[in-house]
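Let me begin by presenting the structure, written as structure tokens, before commenting on it.
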Amino acid sequence: MSKRIRLGILTPSSNTSLEPLTQRLVAGLPEVSVHFARFSVTRIALSPDALGQFQRERILDAARLLADAHVDMIGWSGTSAGWLGFDQDEALCEAITQATGVPASTSVLALNRALAAFGIERLGLVSPYLADVQQRIVANYARIGIDASVESHLGIEENFAFALVDEATLDRQVADVVAAGARAVTTFCTNLYAAHRVAHWEAQHGVPVLDTVTTVVWDMLRRSGVDTRRIDGWGRLLQEL
């Protein structure tokens, strides 16, 4: 039997999408299990109190609990680095490893690795976020040479409400950014119930679609030595990279 792989996932407290989607994603890998630890996140905005939800020590407390389960990797399944800056996730991963001895990844750092591997310079940015949050994400991508100005956002602040966005809305958002010239699309929020829809969008529009629930799992699996091509029906990322 293959070595058992345990993945630890850091989860925003009000998120109801990423856990079932992640479980479904790895369901065909009998040697892989996923384990979750939550910390408090209830709203996404640029106000000091909303930004304060992502203080590093609060996240490290949750990471330490995952380390008690002897996980092989710890992943932050969240997109806060999009507006806080990618360096925040790089520092977080270093801090997690220093605190727990466990290698770490994040949805956004994994997304950026995938964008580089696919050679994407014009990214369609789909999110439920407020306009100022979205523009901060666009600006951070511009700093690493990726044009994410083709975007669609819904103007929602409450994190729990992101999971209530329906498929028809997501279908429209993805179609809109592709029609505007995106060469790849990201569904940039781990509380969007979107990852299972990726293969459909790719077949319909002919561009890679990179969901942020999937990106962190992909990165953790490949760094744990698991062949992600065994996961069928969840998009090109898992099949091609």
Side-chain angles (χ1 to χ4, degrees), residues 12 15 17-18 41 43-54 76-93 105-159 161-163 165 169-192 194-195 197-198 201-202 205-216 218-219 235 237:
N15 188 308
S17 295
L18 80 82
V41 178
R43 50 194 288 265
I44 301 300
L46 299 183
S47 59
D49 60 328
L51 296 177
Q53 297 172 113
F54 301 100
W76 162 221
S77 190
T79 53
S80 54
W83 54 92
L84 295 176
F86 304 140
D87 60 324
Q88 295 296 304
D89 268 9
E90 292 167 357
L92 175 62
C93 287
S105 182
T106 76
S107 292
V108 173
L109 295 181
L111 169 63
N112 293 351
R113 292 181 189 113
L115 292 171
F118 276 120
I120 300 301
E121 296 179 352
R122 187 164 174 78
L123 176 65
L125 178 65
V126 169
S127 90
Y129 299 138
L130 299 173
D132 58 351
V133 174
Q134 190 85 339
Q135 289 309 309
R136 185 75 65 86
I137 299 167
V138 171
N140 282 326
Y141 273 103
R143 292 187 183 97
I144 64 168
I146 293 176
D147 179 359
S149 61
V150 173
E151 58 86 20
S152 176
H153 63 280
L154 300 176
I156 305 172
E157 181 173 336
E158 184 192 9
N159 195 73
F162 301 158
V165 176
T169 299
L170 292 170
D171 288 349
R172 174 183 57 77
Q173 288 186 280
V174 171
D176 285 350
V177 297
V178 173
R183 305 306 301 161
V185 177
T186 180
T187 40
F188 198 90
C189 171
T190 64
N191 202 22
L192 289 176
R197 196 86 174 139
V198 163
W201 290 324
E202 290 181 335
H205 300 295
V207 301
V209 179
L210 304 170
D211 178 80
T212 47
V213 170
T214 305
T215 55
V216 68
W218 161 76
D219 194 41
L237 174 64

[atom1] of [X] to [atom2] of [Y]: how many Å apart, nearest 0.5 Å?
X: Leu46; Y: Leu84; atom1: CG; atom2: CG; answer: 8.5 Å
X: Glu121; Y: Leu115; atom1: CD; atom2: CG; answer: 11.0 Å
X: Asn191; Y: Glu158; atom1: CG; atom2: CD; answer: 10.0 Å
X: Thr79; Y: Leu111; atom1: OG1; atom2: CG; answer: 10.0 Å
X: Asn15; Y: Asn159; atom1: CG; atom2: CG; answer: 6.0 Å
X: Leu109; Y: Asp87; atom1: CG; atom2: CG; answer: 10.0 Å

Check whether [X] reaches the backbone of [Y] with its side chain - one donor and one acceptor, N or O, closer than 3.5 Å.
X: Glu151; Y: Leu125; value: no
X: Gln173; Y: Thr187; value: no
X: Gln135; Y: Asp132; value: no
X: Thr190; Y: Leu18; value: no
X: Thr215; Y: Ser107; value: yes
X: Gln53; Y: Arg43; value: yes

Which pair of heavy atoms, one from Ser127 and one from Leu192, lies closest together, and at what distance?
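Minimum heavy-atom contact is CA-CD1, 4.5 Å.
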ask   = Can you name the nearest heavy-atom pair linking Val209 to Val198, along with the distance?
value =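 Closest pair (atom of Val209, atom of Val198, distance): O-CG1, 3.3 Å.
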Taking C-beta and beyond as the side chain, do [X] and [Y] meet within less than 4.5 Å on heavy atoms?
X: Thr186; Y: Thr212; value: yes
X: Val178; Y: Val185; value: yes
X: Val165; Y: Ile156; value: yes
X: Val213; Y: Ser17; value: no
X: Phe162; Y: Leu154; value: no

**Message:** Assess the residue pair Cys189 and Tyr129 against the criterion (side-chain contact (heavy atoms from CB on, under 4.5 Å)); give the C-alpha distance rounded to whole Å, side-chain angles, the decisive distance to 0.1 Å, and a yes or no.
**Reply:** CA-CA 9 Å; Cys189 171; Tyr129 299 138; 3.3 Å; yes
Donor-acceptor list for residues 140-150 side chains, cut-off 3.5 Å, not counting sequence neighbours:
{"unit_1": "Asn140", "atom_1": "OD1", "unit_2": "Arg143", "atom_2": "NH1", "d": "2.6"}
{"unit_1": "Asn140", "atom_1": "ND2", "unit_2": "Gly82", "atom_2": "O", "d": "2.8"}
{"unit_1": "Asn140", "atom_1": "ND2", "unit_2": "Arg136", "atom_2": "O", "d": "3.3"}
{"unit_1": "Tyr141", "atom_1": "OH", "unit_2": "Asn112", "atom_2": "OD1", "d": "2.7"}
{"unit_1": "Asp147", "atom_1": "OD1", "unit_2": "Ser149", "atom_2": "N", "d": "2.9"}
{"unit_1": "Asp147", "atom_1": "OD1", "unit_2": "Ser149", "atom_2": "OG", "d": "2.5"}
{"unit_1": "Asp147", "atom_1": "OD2", "unit_2": "Arg122", "atom_2": "NH1", "d": "2.7"}

(request) Take Val177 and Val126 through the side-chain contact (heavy atoms from CB on, under 4.5 Å) test and state the conclusion after the steps. (result) CA-CA 8 Å; Val177 297; Val126 169; 4.0 Å; yes
Q) Checking side-chain contact (heavy atoms from CB on, under 4.5 Å) for the pair Asp171/Trp201: CA distance, chi angles, key distance, verdict? A) CA-CA 8 Å; Asp171 288 349; Trp201 290 324; 2.8 Å; yes
ask   = Side chains of Asp176 and Ser152: donor-acceptor distance under 3.5 Å anywhere?
value =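 Checked: Asp176/Ser152 side chains show no N/O donor-acceptor pair below 3.5 Å.
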| request: Classify the angle between the aromatic ring planes of Trp76 and Phe54 as parallel (below 30°), tilted (30 to 60°) or perpendicular (above 60°). | output: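 The arrangement is tilted - the two ring planes meet at 30° to 60°.
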Open item on the list: Salt bridge or not between Arg197 and Asp211? Use side-chain N to carboxylate O under 4.0 Å.
Closed with: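 No, this pair does not count.
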